[in-house]
Asker: 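First, the structure itself, so that you have it in front of you.
The figures that follow rest on heavy atoms only: side chains count, while hydrogens, waters and symmetry mates do not.
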Amino acid sequence: MLKQVLSLFEEADFRYRTELPNYLKEEEVEELINEDDTVLIQYNKQVIGLVEFEVIMDAARHYKLYYRLSNSIDKELNVSILDEIIDSFTMRNHVVKLAAHCFGDDDIYQDIFRKSGFEPEGQLESMLESDEKKHALVYYHKTIDEGHVHNSNE
């Protein structure tokens, strides 16, 4: 499995918790992937992405979503997978607000988050300059049914 995860980070735009995925060493990728919290997304026995929900504020039921799929996955399928992951997570957890971010030059993921119901919150300029560009972080949020936990009786 690690080999499949490492191959994701070889994709230039696989920015899962990092701005420069193709510059990470194997040990750095392993550090990014916390085995207890990061979930491998598989399709046809291949790892196609990673997802993690991090508690931002437990009492307020705010979570941060880290999510990325392989560049080989169609954008519409990506939106569908993200929606299913969020629905599954909110069925088991009381969530009021879900936050996510992507880079300002990442038009594909900005579109994916918007199509999944996320609204833009703001932008933070990056301190890191690569390829003579600074990549701003664009922050998004999504309110989840006013914090209601879904269940099969509804």
Asker: Thr38 and Glu52: which non-hydrogen atoms are nearest, and at how many Å?
Answerer: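 Scanning both residues completely, I find the closest heavy atoms to be OG1-OE1, 3.0 Å.
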
Asker: Would you indicate whether the side-chain heavy atoms of Leu2 and Glu26 approach each other to under 4.5 Å?
Answerer: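 Side chain of Glu26 against side chain of Leu2, heavy atoms only: contact under 4.5 Å found.
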
Asker: Check step by step if side chain to side chain contact (heavy atoms under 4.5 Å, CB included) holds for Lys3 and Ser7.
Answerer: CA-CA 6 Å; Lys3 185 176 181 178; Ser7 71; 6.0 Å; no

Asker: With side chains defined as the heavy atoms from C-beta onward, is the minimum distance between Phe113 and Lys142 less than 4.5 Å?
Answerer: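 Not touching, per the 4.5 Å side-chain cut-off.
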
Asker: Is it true that Asp107 and Lys75 have a side-chain N and a carboxylate O under 4.0 angstrom from each other?
Answerer: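 No, no charged N to carboxylate O under 4.0 Å.
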
Asker: Are Ile144 and Tyr63 close enough that some pair of their side-chain heavy atoms sits under 4.5 Å apart?
Answerer: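 No, every pair of side-chain atoms sits at 4.5 Å or beyond.
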
Asker: Could you tell me which residues satisfy side chain to side chain contact (heavy atoms under 4.5 Å, CB included) with Ala60, sequence neighbours excluded, listed by chain and number?
Answerer: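 Counting only residues at least two positions away or on another chain, Ala60 forms a side chain to side chain contact (heavy atoms under 4.5 Å, CB included) with Met57, His62.
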
Asker: Check whether any side-chain heavy atom of Ile81 lies under 4.5 Å from a side-chain heavy atom of Tyr43, and answer yes or no.
Answerer: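 No, every pair of side-chain atoms sits at 4.5 Å or beyond.
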
Asker: Can you name the closest pair of heavy atoms from Gly49 and Leu69 and give their distance?
Answerer: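 Nearest heavy atoms, Gly49 then Leu69: CA-CD2, 3.8 Å.
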
Asker: Show which side-chain atoms of residues 117-124 pair as donor or acceptor with protein atoms under 3.5 Å away, not counting sequence neighbours.
Answerer:
residue : atom : partner : partner atom : Å
Glu121  : OE2  : Lys97   : NZ           : 2.8
Glu121  : OE2  : His141  : ND1          : 3.2
Gln123  : NE2  : Glu125  : OE2          : 3.2

Asker: Check the pair Tyr109 / Leu82 against side chain to side chain contact (heavy atoms under 4.5 Å, CB included), numbers first and verdict last.
Answerer: CA-CA 11 Å; Tyr109 272 82; Leu82 176 57; over 6 Å; no

Asker: Could you walk me through whether Ser70 and Glu11 pass the side chain to side chain contact (heavy atoms under 4.5 Å, CB included) test, one step at a time?
Answerer: CA-CA 8 Å; Ser70 170; Glu11 296 178 11; 2.7 Å; yes

Asker: Could you pull out all residues at least two apart from Glu76 that satisfy side chain to side chain contact (heavy atoms under 4.5 Å, CB included)?
Answerer: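 Glu76: side chain to side chain contact (heavy atoms under 4.5 Å, CB included) contacts with Asp74, Lys115.
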
Asker: When rounded to the nearest 0.5 angstrom, what is the spacing between NZ in Lys25 and CD in Glu31?
Answerer: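 Going from the NZ atom of Lys25 to the CD atom of Glu31 covers 10.5 Å.
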
Asker: Look at the rings of Phe53 and Phe89 and say which category their plane angle falls in: under 30° parallel, 30 to 60° tilted, over 60° perpendicular.
Answerer: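 The rings of Phe53 and Phe89 lie parallel, inter-plane angle below 30°.
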
Asker: Compare all side-chain heavy atoms of Glu30 with those of Val5 and state whether any distance is below 4.5 angstrom.
Answerer: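 Of all side-chain heavy-atom pairs linking Val5 with Glu30, none is under 4.5 Å.
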
Asker: Roughly how far, to the nearest 0.5 Å, is CD of Gln4 from CG of Leu40?
Answerer: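 Going from the CG atom of Leu40 to the CD atom of Gln4 covers 8.5 Å.
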
Asker: Atom CD1 of Ile112 and atom OG of Ser80: how far apart are they, to the nearest 0.5 Å?
Answerer: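 The CD1 atom of Ile112 sits 11.5 Å away from the OG atom of Ser80.
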
Asker: Out of curiosity, does Val138 fall in the hydrophobic cluster containing Ile56 (side-chain heavy atoms, cut-off under 4.5 Å, transitive links)?
Answerer: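 Unlinked, Ile56 and Val138 end up in two clusters.
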
Asker: If you look at every heavy atom in Asp106 and Arg68, which pair is closest and at what distance?
Answerer: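 Smallest heavy-atom distance, with atoms named: OD2-NH1, 2.7 Å.
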
Asker: What heavy-atom pair brings Gln110 and Cys102 nearest, and what distance separates the two atoms?
Answerer: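 Reported closest heavy-atom pair: CG-SG, 3.3 Å.
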
Asker: Could you tell me if the side chain of Tyr67 sits less than 4.5 Å from the side chain of Ile41, heavy atoms only?
Answerer: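 In contact.
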
Asker: Any non-hydrogen side-chain atom of Phe9 less than 4.5 Å from a side-chain atom of Leu50?
Answerer: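 In contact.
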
Asker: Can you tell if the side chain of Tyr66 reaches within under 4.5 Å of the side chain of Val51, non-hydrogen atoms only?
Answerer: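 Not in contact.
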
Asker: How close do Asp58 and Val55 get, counting heavy atoms only, and between which atoms?
Answerer: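 Taking Asp58 first and Val55 second, the nearest heavy atoms are N-CG1, 3.5 Å.
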
